Engineer: 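One structure follows; several queries about it will come next.
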Amino acid sequence: MANKIIPSVKGTRDFYPETMAVRTWLYRQMRAASEAFGYQEYDGPFLEPIALYAAKSGEELVKEQAFVFPDRGGDLITLRPELTPTLARMVARKQGQLAFPLRWWSFGPFWRYERPQKGRAREFFQWNIDMLGVNSPEADAELAAVGAEFFRRAGLTPNEVHILVNNRRLMDSRLDALEIPPARRKAVFRLIDRREKMSAAAWETYAGEIGLSPAQLGGLKALLADERLWEQSEELVRFFAAARALGARDYLRYAPHVIRGLDYYTGTVFEARDRDGEFRAILGGGRYDNLVADVGGKPLPGVGFAMGDMVVTLVLQKYGRLPALDAPPAPILVTVFDADHLLEAYRLAAEVRREGFPVAAYPEPAKLGKQFKYAARIGARLVLVVGPDELAQQAVTVKNLRTREQTTLPRDALFQHLHAMLAT
RNA sequence: GUGGCUGUAGCUCAAGUGGCAGAGCACCUGACUGUGGAUCAGGAUGUUGUGGGUUCAAGUCCCAUCAGCCACCCCA
């Protein structure tokens, strides 16, 4: 029994119908938000050569976190840890044939060999959405607006989640002003990224370790405290103006400490969080120029974001926004009175199906009590019975499990009755 | 990859300082030889995550391992 069940692979999840319904529902909201802005769905292979990721991505993502294994021919295969390189290749291959600005979105599984924990598994689903071929703050704002649209459709309000925005070029120019050399830029970005995770003292010590002078540290702290820093960036000024016009401004907020981990972001970056800061980022994205050139295409600017299925589900649970997803497999169950009436029951089930109702038929003769109990278990609303009495009068018995009312009616009146009973 | 907590029937959990493994819910059967979620009466269930070790004796102690959770790392 239990000791014989082969365990699932670490960090993977079994999607029972209830959780599968959540995944499907998320997919539907993502689709709705994407298509509302004119984005087309696409997908790539789940298996990719490791070389695709060697070109870019964060080094750790490929070296430490990707599932890599040799296929039977000896080639190294990767279970895709992210979609962006695949997107870059797909675009590079047909660059001359595609209409830009290109708006594409996707939802599918990804794999990363990490230690599972809250909001993070080794196999997860992710929504990716990108616009390629333009380099405008307005395009950036549109992507943020798509994210906001998703939250709105999912029932998450600006009081519960927000999208924090910053711009790397802005931060670069400010760091220039502090005379922090480009060589140290990466370390300083990491420092900024970790501000809220460390104590103030530890953070300042860390700043000293990466070579910041007290004056530079002071300047940096002033930067990170300046909520109006964005007003000095023409890109961000236009970004917020466009977001306002798009009706997404209430979800957006400038946040000087948001910098994002991935190296390839070049301009505006953003991430969504629950406002209590309880969970990790719900989505993350930004402008990444030169991506397509990295895989051999012509240079092409782009902006996009990714949202995993796990954190957003936690947030939706926290705020009680997951809809009741307990739809029964079928609202109608046809019982099998006994072995002699099995085919009669099946003929009835087929007729009702042809009328357009989803119908489950009991798959073998069994006591009616057992079949009624089963009907109640699966959440069926109506139970149909054709036994000897009904057959003799060309009738069907219909029991409404909610009201417990039962009537026997002629077959030609059945459909009308079913429509009426299931209408509410 | 580093550190911490946890692991007992399908589920939630019990089993003073080591002494023959239990309850509730759920499940199955029957009362109800044409009817459900109610009631009542019965019933089945675990090599206590796995593998070693200490002991006369281990769910209970020790070691290892696996899994889950949490933090770090990284990020969705």
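Lettering follows sequence order; numbering is per chain, from 1. Since the structure is predicted, the reported quantities are computational estimates derived from the model, not experimental observations.
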Engineer: Could you work out which one of B/rC75, B/rU29, B/rC70 sits closest to the side chain of A/Lys370?
Structural biologist: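 In terms of side-chain proximity for A/Lys370, the closest of B/rC75, B/rU29, B/rC70 is B/rU29.
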Engineer: Quick one: CZ on A/Phe124 to CZ on A/Arg112, what's the gap to the nearest 0.5 Å?
Structural biologist: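 Reported to 0.5 Å precision, the distance equals 4.0 Å.
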Engineer: Using atom P of each nucleotide, how far apart are B/rG1 and B/rG19 to the nearest Å?
Structural biologist: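 The answer is 38 Å between these two P atoms.
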Engineer: Looking only at the aromatic ring of each residue, does the gap between the centers of A/Phe357 and A/His419 stay below 6.0 angstrom?
Structural biologist: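 Close enough - the centres of the two rings lie under 6.0 Å apart.
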Engineer: So, does the side chain of A/Arg404 form a donor-acceptor pair with the base of B/rG37 at under 3.5 Å?
Structural biologist: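 Result: at least one qualifying N/O pair found.
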Engineer: Just checking A/Asp309: base, sugar-phosphate only, or nothing, at a heavy-atom cut-off of under 4.0 Å?
Structural biologist: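 No contact.
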Engineer: What is the ring orientation for A/Trp127 with A/Phe150, classed by angle as parallel under 30°, tilted 30 to 60°, or perpendicular over 60°?
Structural biologist: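 The arrangement is tilted - the two ring planes meet at 30° to 60°.
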Engineer: Between A/Phe15 and A/Phe125, what is the ring plane arrangement, given parallel below 30°, perpendicular above 60°, and tilted in between?
Structural biologist: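 Aromatic pair A/Phe15/A/Phe125 classed perpendicular.
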Engineer: Side chain of A/Arg190: nearest nucleotide among B/rU35, B/rG68, B/rC74?
Structural biologist: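 The listed nucleotide nearest to A/Arg190's side chain is B/rC74.
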Engineer: Below 3.5 Å, does any donor atom in the side chain of A/Arg120 face an acceptor in the base of B/rC75, or the other way round?
Structural biologist: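 Answer is no: no donor-acceptor pair is held.
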Engineer: What closest approach, in Å, do A/Ala148 and A/Ala248 show between heavy atoms, and which atom pair accounts for it?
Structural biologist: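 Where A/Ala148 meets A/Ala248 most closely, the heavy atoms are CB-CB, 3.9 Å.
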Engineer: Counting only side-chain heavy atoms from C-beta out, which of B/rC72, B/rA26, B/rU35 sits nearest to A/Arg115?
Structural biologist: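 When the side chain of A/Arg115 is considered, B/rC72 is the closest of B/rC72, B/rA26, B/rU35.
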Engineer: Does B/rC72 have OP1 or OP2 sitting under 4.0 Å from an N or O in the side chain of A/Arg194?
Structural biologist: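 Answer no for this pair, as no side-chain N or O of A/Arg194 is under 4.0 Å from OP1 or OP2.
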Engineer: Nearest whole angstrom, please: distance from the P of B/rU33 to the CG of A/Asp340.
Structural biologist: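 Rounded to whole Å, this separation is 18 Å.
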Engineer: Taking Watson-Crick (N1-N3 plus N6-O4 or O6-N4) and G-U wobble (N1-O2, O6-N3), each under 3.5 Å, can you produce the dot-bracket string of RNA chain B? Use [ ] for crossing pairs and | for inter-strand ones.
Structural biologist: (((((((..((((.....[..)))).(((((.......))))).....(((((..]....))))))))))))....
Engineer: Fit a plane to each ring of A/Tyr362 and A/Tyr374, take the angle between them on a 0 to 90° scale, and name the class: parallel (under 30°), tilted (30 to 60°) or perpendicular (over 60°).
Structural biologist: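 Ring orientation, 0 to 90° scale: perpendicular.
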Engineer: For A/Tyr254 together with A/Phe270, are the ring centres under 6.0 Å from each other?
Structural biologist: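 Ring centroids of A/Phe270 and A/Tyr254 are no less than 6.0 Å from each other.
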Engineer: On the side chain of A/Arg402, is there an atom forming a donor-acceptor pair with the base of B/rG36 - under 3.5 Å, no angle test?
Structural biologist: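 Such a pair does not exist between side chain and base.
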Engineer: Is the base of B/rG34 touched by the side chain of A/Lys367 through a donor-acceptor pair closer than 3.5 angstrom?
Structural biologist: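 Flag unset: no donor-acceptor pair detected.
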Engineer: Identify which nucleotide among B/rC73, B/rU35, B/rA26 has an atom closest to any side-chain atom of A/Lys399, counting heavy atoms from C-beta outward.
Structural biologist: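 Of all the options, the side chain of A/Lys399 is nearest to B/rU35.
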Engineer: Which nucleotide, B/rC73, B/rG34, B/rC69, lies nearest any side-chain atom of A/Val385?
Structural biologist: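 Nearest to the side-chain atoms of A/Val385, counting from C-beta on, is B/rG34.
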Engineer: Taking the side chain of A/Lys118 as heavy atoms from C-beta outward, which of B/rG34, B/rG36, B/rA71 is closest to it?
Structural biologist: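 From the listed options, B/rA71 comes nearest.
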Engineer: Between B/rG49 and B/rC69, how far apart are the two C1' atoms, rounded to whole Å?
Structural biologist: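 Approximately 15 Å lies between the C1' atom of B/rG49 and that of B/rC69.
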Engineer: Output the single nucleotide from B/rG36, B/rG34, B/rC74 whose closest atom is nearest the side chain of A/Ala376.
Structural biologist: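 Nearest listed nucleotide: B/rG36.
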Engineer: If you compare every side-chain N and O of A/Lys373 against the phosphate oxygens of B/rG37 (OP1, OP2), does one of them come in below 4.0 Å?
Structural biologist: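 No, outside the criterion.
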Engineer: Hey, is the side chain of A/Gln371 pairing donor to acceptor with the base of B/rU35 inside 3.5 Å?
Structural biologist: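 Between B/rU35 and A/Gln371, which were checked side chain against base, a qualifying N/O pair under 3.5 Å is absent.
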